[in-house]
Amino acid sequence: MTDATSTPSPRGAAVGRGIGIGLMYGLFKPRVLGAWRVPASGPVILAVNHSHNIDGPMLMGTAPRPVHFLIKKEAFVGPLDPFLRGIGQLKVDRTIADRTAITRALGVLEDGGVLGIFPEGTRGDGDFASLRAGLAYFAVRSGAPIVPVAVLGSTERRGRLISALPPLRSRVDVVFGEPFEAGDSSGRRTRKALDEATLRIQARLTGHLEHAGRLTGRTG
């Protein structure tokens, strides 16, 4: 069993990626654009819009590298708790400054892994309109580049068999953007520096989402 305080296992995340590939390509028709933009090695943060529960699994199954997601602690219930930890996912308490989650997430980046973040903090319109400072902190602290990711089509229609999911075999677009640095090259980690980084990140993520909408002919 994975230690709740240790850096999550890269091997576990690789297993999770395999499961994600099987499920997402088995249930839906993902169309992946720009995956080559994700650096092939080294630390990277994938910043994903979040409008549906399948967005995380969809990214796990379509990203070119295994992903360790920061996931709200409420998802770690019953058998899902050991399963999610076993596939290298990170439990985070969104109501506090969760030092354990922060340390483990930074550990992923220090080990050259891929950290997945929903920067809006919770599922919503998926338009990056409200960003929390956590993404800026991880990017500035680690120096890891951010790759914006737009998942489009997961909320357009409800499935007939399972209304909580998109229709089976429907197309979901996953568009990866250009990696960018969030910091201002000064190395500052002050509140002002993080606020400025958050504004820069929001502009880049919003711009990518708009580009992805034009590229795919859809907006959500």
Side-chain angles (χ1 to χ4, degrees), residues 2-3 5-14 16-17 34-50 55-56 59-60 62-72 88-94 96-121 128 130-151 174-209 211-212:
T2 303
D3 185 341
T5 62
S6 63
T7 301
S9 162
R11 181 178 298 178
R17 178 172 181 260
W36 55 269
R37 294 189 174 100
V38 178
S41 62
V44 64
I45 299 171
L46 301 183
V48 195
N49 67 318
H50 193 24
D55 295 340
L59 184 62
M60 289 178 64
T62 57
R65 295 172 59 187
V67 182
H68 301 271
F69 259 107
L70 276 168
I71 301 174
K72 62 183 181 181
Q89 306 310 295
L90 297 151
K91 182 195 301 187
V92 60
D93 185 342
R94 299 174 299 170
I96 61 172
D98 191 336
R99 295 187 181 278
T100 297
I102 291 170
T103 300
R104 299 185 74 214
L106 288 173
V108 167
L109 297 172
E110 289 170 1
D111 288 348
V114 181
L115 181 66
I117 295 181
F118 297 117
E120 295 157 292
F128 294 123
S130 176
L131 261 63
R132 296 190 174 192
L135 174 55
Y137 174 81
F138 286 121
V140 172
R141 173 73 183 272
S142 68
I146 296 173
V147 173
V149 186
V151 178
V174 183
V175 186
F176 294 86
E178 293 286 352
F180 66 93
E181 303 288 339
D184 60 2
S185 301
S186 70
R188 294 179 300 131
R189 300 176 191 170
T190 62
R191 170 54 58 188
K192 181 180 179 182
L194 291 179
D195 287 344
E196 291 172 352
T198 297
L199 291 176
R200 286 192 294 271
I201 291 169
Q202 185 172 38
R204 291 292 295 263
L205 298 187
T206 301
H208 172 66
L209 190 62
H211 169 71

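Every heavy atom of this structure was used, including side-chain atoms; hydrogens, water molecules and symmetry mates were not. Along the sequence shown, residues carry numbers from 1.
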Rounded distance (nearest 0.5 Å) linking atom NZ of K91 with atom CG of D98 = 9.5 Å
Calculate, to the nearest 0.5 Å, the distance between atoms CD1 and NE2 belonging to I146 and H208 respectively.
-> 12.5 Å
So do V114 and V108 actually touch side chain to side chain, heavy atoms under 4.5 Å?
-> no
Intermediate values then yes/no, side chain to side chain contact (heavy atoms under 4.5 Å, CB included), V174 and L59 | CA-CA 7 Å; V174 183; L59 184 62; 4.2 Å; yes
Output, in order, the C-alpha distance, side-chain angles, deciding distance and verdict of side chain to side chain contact (heavy atoms under 4.5 Å, CB included) for V92 and I71.
-> CA-CA 6 Å; V92 60; I71 301 174; 5.8 Å; no
Any side-chain heavy atom of V147 sitting closer than 4.5 Å to one from E178?
-> no
Taking the side chain as C-beta and beyond, is there a heavy-atom pair between L205 and P119 under 4.5 Å?
-> yes
Closest non-hydrogen atom pair, M60 against Q89 | CE-NE2, 3.8 Å
Please confirm whether the backbone N or O of A182 pairs with a side-chain atom of R204, one donor and one acceptor, at under 3.5 Å?
-> no
Under the side chain to side chain contact (heavy atoms under 4.5 Å, CB included) rule, collect the residues that match up with P10, sequence neighbours excluded.
-> none
Of the non-hydrogen atoms in A136 and A197, which two are nearest, and what is the gap between them?
-> CB-CB, 4.0 Å
Per the side chain to side chain contact (heavy atoms under 4.5 Å, CB included) rule, which among L135, I102, L115 passes with L70?
-> L115
R37 charged N/C atom sitting above F176 aromatic ring, 6.0 Å / 45° = no
Between I117 and V48, is any pair of side-chain heavy atoms under 4.5 Å apart?
-> no
Of all the heavy-atom pairs spanning T7 and D111, show the shortest one and how long it is.
-> CG2-OD2, 3.5 Å
Here the gap from T206 atom OG1 to H211 atom NE2, rounded to the nearest 0.5 Å, amounts to 14.5 Å
Value rounded to 0.5 Å, distance of CZ in R141 from CG in L106 = 5.0 Å
Across all chains, not counting sequence neighbours, the ring-ring contact (aromatic ring centres under 6.0 Å, His included) partners of F69 are F118
Rounded to the nearest 0.5 Å, how far apart are NE2 of H68 and OG of S9?
-> 7.0 Å
How many angstroms lie between atom CG of L90 and atom CZ of R104, to the nearest 0.5 angstrom?
-> 5.0 Å
So, do W36 and P64 sit near enough that their side-chain heavy atoms are less than 4.5 Å apart?
-> no
Is there a donor-acceptor pair under 3.5 Å between the side chain of N49 and the backbone N or O of L209?
-> no
